[in-house]
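Hydrogens, waters and symmetry mates play no part in the numbers below; they use all other heavy atoms, side chains included. Here is the naming used below: chain letters follow the sequence lines, and residue numbers restart at 1 for every chain.
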Amino acid sequence: MVSKIKKETMTQVKYYLKNPVDFFIKYGLFVIFFVMVLFFSIRTNYFFQLKNFKNILIAVSVIGVISTAMTAAIIGRGPDLTVGSIVAMSGCIVANLVLMNGYPWYVGMIVALLVGILIGFLNGLIIVKFDLSSLIVTLGMMNVVRGLSFILVNGTAVFANDYRLLYLGRASWLGIPLPIIIVLFSFALIDFILRYTVFGRQVFSSGGNRVAARLAGINVNKNTIILFVISGFMASVAGLITVGIGGAAMPYVGESYALDAVTAVLLGGTTLAGGKGSVRMTLLGVLIIGILNNGMTLMNVQTYWQITAKGAFLIFAIILDSLQYQRKLSIV
Amino acid sequence: MDYALSARKINKSFGSAHVLRDVSFDLKKGEIHGLLGENGAGKSTLIKIMSGDYYMDSGEILMDGEVVNISKPSDSLAKGIRVIYQEFNLVKTLSVAENIFIGEMPLTKFGLVDKKEMNRWAEELLAELGIEVDVNEIVQNISVAEQQLVEIAKALSKQAQILIMDEPTAALSDQETSKLFDVVRGLKARGKSVIFITHRLSEQFEMADRITVLRDGQTIGTVNSKDVNDDDLVRMMVGRDVGDLYPRHFGTPGEIIFEAKNLHISERVNDISFNIRRGEIVSFFGLMGAGQEAICKALIGDPPIQSGTLFLNGEELVIRNLREANKKGIGYVSSDRKQEGLLPLMSLTSNITTAAFRKLAKFRIFTQKKVETKVTQNWIDRMNIRCRSQQQHISSLSGGNQQKAMISRWLSNDIKLLILNMPTRGVDVGAKAEIYTILEELANNGVAVLVFSLELLEVLGISDRIYVLCEGDITAEVPIKEANQDILMKHAVAKFLHFGGK
């Protein structure tokens, strides 16, 4: 048995030595990850330290939470571009209710989460009822929600002077910052749902071939709505974390989050066409984006370059996705 | 003599899979050459090498006695090789003429498309081929058979010497097929060479001058079609005698288990009544578009019947939507495997268990890999699905094995009624026989098996009773003992005859 496994590994190694492109398509993300860690460790003194790793994780926590649901949405139907706006709106709802109108802190938070769910539900409903591309529907909703966020706080940032509103972003449990706990929990949760529940399996089926899944008795429409509800909920959780980390509700926050999350998801090998992907690999994608931002900041590279780099990564990720797709289908 | 095309010792591997081994064959000028082999025998790969989609690992291709290098599709096109695939490459929103001349439309002196000139060319070309289609018609409005003919016209609009046709008759009715054959014979008469691929042996005998058989990526031999019979070819293809292709023995059917009374489905398809007895396989035969699709979809509630009643084991069955059909145990194997059946990027396991996820799950929520693996393995063994592993992508299996997986999908879900629309479309002979055996087993186990088919021989081979459809009506109910090709065909065109032929 052992020798058989060994033999199979050897044939695989031989195959990849002959076909390095295939190797890169399959394991490229790991290569990039280690090269980046190595590069920044050598070039900066501060990078390879526990404290910095903690910073990276906190910095990616918001994107991370969003990316979990984004992975599921892309596998099952398509990307949800509204999430960045929901992050902003969630904070603005808290600001409006708690800071501007004196409601208790928990009312603000609960309403924020409910609104996130509602927006997700609306997205899902519109996509399903009119059989539309999620890309366009959520793009429109992105602006709807963004506008409402500005209206809620009269267009300016509101400082959160209530420590309870900052708790999610700043507290630590057992020395671990709460955002890190939340992001890891989100990953574990969505990973579990996708891999070990009927709903998760149905999401893959629906993404792979919507018509076939429907004919096999799967309620594709219901599942799609649930996916966008989860996405809206996760985005509003991320919004609450953002208030905590930033110390204020900012209506303009998170404009790049949706694309960052999509980048992370695609880097992680999830197919834009749907039906294939994994949340664990998305985590790696998220870390790569975090390390990129962090490392470039440590090297005193202008922020603008980080935006450019992320864009390049997105293009790189879809090229990889496309190559993978072509290879898979060409092996008859 | 110089051959139009010769393949010499062609080898091709994908990863560790050696798909073609030293394959050789010769195509004479002005010859229709049949290519035959089970799915997975290497026919598609061989075609793709000739069309430039793949590049061979070793071997050579000669045209007119000279070695040619075909490394990309444009090489192949430049050499006059045209492939017509099962899936058409037509732009459905453009007109027939536009499709034929897509990529090289005639221009006016201002650089705009010269529509008049283009239509004239298209009309000439179609007339020459004996094809009657309006060149102004939008492609999505013409029948599948006509689309096929347009595809041929398109291939011939550029200087074509060799035409490769991959399962050209898969989606055609017998009438349409004979029309296609006339066109192909016309090509032969004009000195073109045709490579003709089909699983239907009768068509090979009708069309091919010579037939080359492939098995497991090797050339088994080339024979003159006059010198051989069905059994010879089947033996060459499968390397053994398949016995009777249609294994059915006729038992005595029991009580009625499924019945439909006065189904009103659409304007065109209404007042449909039929029944199935225990242990019986019932077929619906009709030409393409006789209402098969509408009846299939209505039985699974997509959309539901407008009026009428269904009975299962004597009890009334109400099917309002797909999920209800699924819950009540109605399975549907679509005629369009690729669009409506396969989950392309997913494993065999996922494809087989997808209709039964909930049933196989713990508390109906948490999936259990062990159970799914066990169920899948059970079907792989029982259905004789040939695969490397359960995790293999469904797309990389042959048509027959894919189809067995599609049937298994329903069987892991305790079905009472299994509807199969063209169950052996794109399936090779060996797998066909296996699928028929499976259907018979199901019927014997009390599943109501309802087969919709366009193939006369299939219908005659597997059914106990046949309903004939024409233009949305059941024109006849024929017990197998009284059925033959003539009777079925007569009823299948009954309505056309009535109106003086169409």
Side-chain angles (χ1 to χ4, degrees), chain A residues 7-8 10-16 18-19 22-23 26 74-76 191-223 269-278 321 324-332, chain B residues 12 14-17 19 40 42 44-45 48 53-54 297 300 302 321-327 330-334 336-347 350-351 353-369 372 393-398 406 409-410 413:
Chain A
K7 208 175 144 195
E8 271 175 14
M10 281 312 291
T11 24
Q12 249 189 347
V13 168
K14 265 188 209 157
Y15 176 77
Y16 284 133
K18 256 200 245 169
N19 302 285
D22 281 6
F23 177 80
K26 202 156 179 194
I74 291 179
I75 291 172
D191 189 43
F192 179 82
I193 290 176
L194 282 182
R195 297 206 309 155
Y196 299 109
T197 69
V198 170
F199 171 73
R201 297 292 298 279
Q202 292 184 342
V203 165
F204 279 95
S205 298
S206 313
N209 185 343
R210 210 185 305 158
V211 181
R214 210 172 63 85
L215 288 176
I218 292 173
N219 195 338
V220 174
N221 288 352
K222 188 180 89 186
N223 289 353
T270 296
T271 309
L272 199 54
K276 189 178 148 282
S278 98
D321 176 39
Q324 204 169 12
Y325 199 75
Q326 288 169 13
R327 300 270 156 154
K328 277 278 147 51
L329 292 186
S330 74
I331 298 175
V332 175
Chain B
K12 178 72 187 172
F14 294 106
S16 56
V19 180
S44 306
T45 310
K48 284 186 174 160
D53 281 353
Y54 296 156
K297 287 278 164 78
I300 56 170
D302 184 42
N321 56 46
L322 269 168
R323 277 181 306 291
E324 226 167 52
N326 186 265
K327 266 186 210 145
I330 300 180
Y332 170 55
V333 179
S334 166
D336 193 342
R337 198 158 52 232
K338 197 169 163 192
Q339 297 294 331
E340 301 193 339
L342 301 179
L343 304 170
L345 293 173
M346 300 171 71
S347 66
S350 296
N351 268 282
T353 55
T354 197
F357 279 155
R358 213 164 273 293
K359 188 177 154 259
L360 301 177
K362 202 172 192 173
F363 311 125
R364 301 181 67 78
I365 292 177
F366 303 108
T367 54
Q368 307 180 92
K369 208 168 171 197
E372 290 183 2
H393 277 209
I394 190 96
S395 326
S396 60
L397 295 180
S398 72
M406 293 299 103
R409 174 182 290 174
W410 293 108
N413 209 17

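- Annotation for Lys369(B): atom NZ does not count as buried by contact number, only 12 or fewer foreign heavy atoms lying within 6.0 Å.
- Ring geometry, Phe366(B) versus Phe363(B): the interplanar angle exceeds 60°, so the pair is classed perpendicular (tilted spans 30 to 60°).
- Options Asn321(B), Leu322(B), Asp302(B) differ in how many heavy-atom pairs under 4.5 Å they form with chain A, and the most are formed by Leu322(B).
- Looking at Arg409(B), only its side chain comes within 4.5 Å of chain A, counting heavy atoms on both sides.
- For the pair Leu342(B)/Met406(B), a side-chain contact is recorded, criterion being any heavy-atom separation below 4.5 Å from C-beta on.
- For the pair Ala361(B) and Val198(A), the tightest heavy-atom approach, listed with the atom from each and the gap, is CB-CG2, 3.3 Å.
- By the 4.5 Å heavy-atom criterion applied to side chains, Leu194(A) and Ser278(A) are not counted as neighbours.
- Heavy-atom distances place both the backbone and the side chain of Phe204(A) under 4.5 Å from chain B.
- Heavy-atom pairs under 4.5 Å with chain A peak, among Asn413(B), Asn326(B), Ile300(B), Thr367(B), at Thr367(B).
- Using a 4.5 Å cut-off between heavy atoms, Leu343(B) contacts chain A through both its backbone and its side chain.
- Counting heavy-atom pairs closer than 4.5 Å to chain B, the top-ranked of the candidates Ser205(A), Gly208(A), Gly207(A), Ala213(A) is Ser205(A).
- Nearest heavy-atom pair, Thr353(B) versus Arg201(A), reported as atom, atom and distance to 0.1 Å: OG1-NH2, 3.8 Å.
- Looking at Arg210(A), neither its backbone nor its side chain comes within 4.5 Å of chain B, counting heavy atoms on both sides.
- Of all the heavy atoms in Leu215(A) and Lys297(B), the pair that sits closest is CD2-CE, 4.3 Å.
- Contact of Glu340(B) with chain A is made through backbone and side chain together, with heavy-atom distances under 4.5 Å.
- Interface check for chain B: of the options Ala216(A), Gly274(A), Gly200(A), the most heavy-atom pairs under 4.5 Å are formed by Ala216(A).
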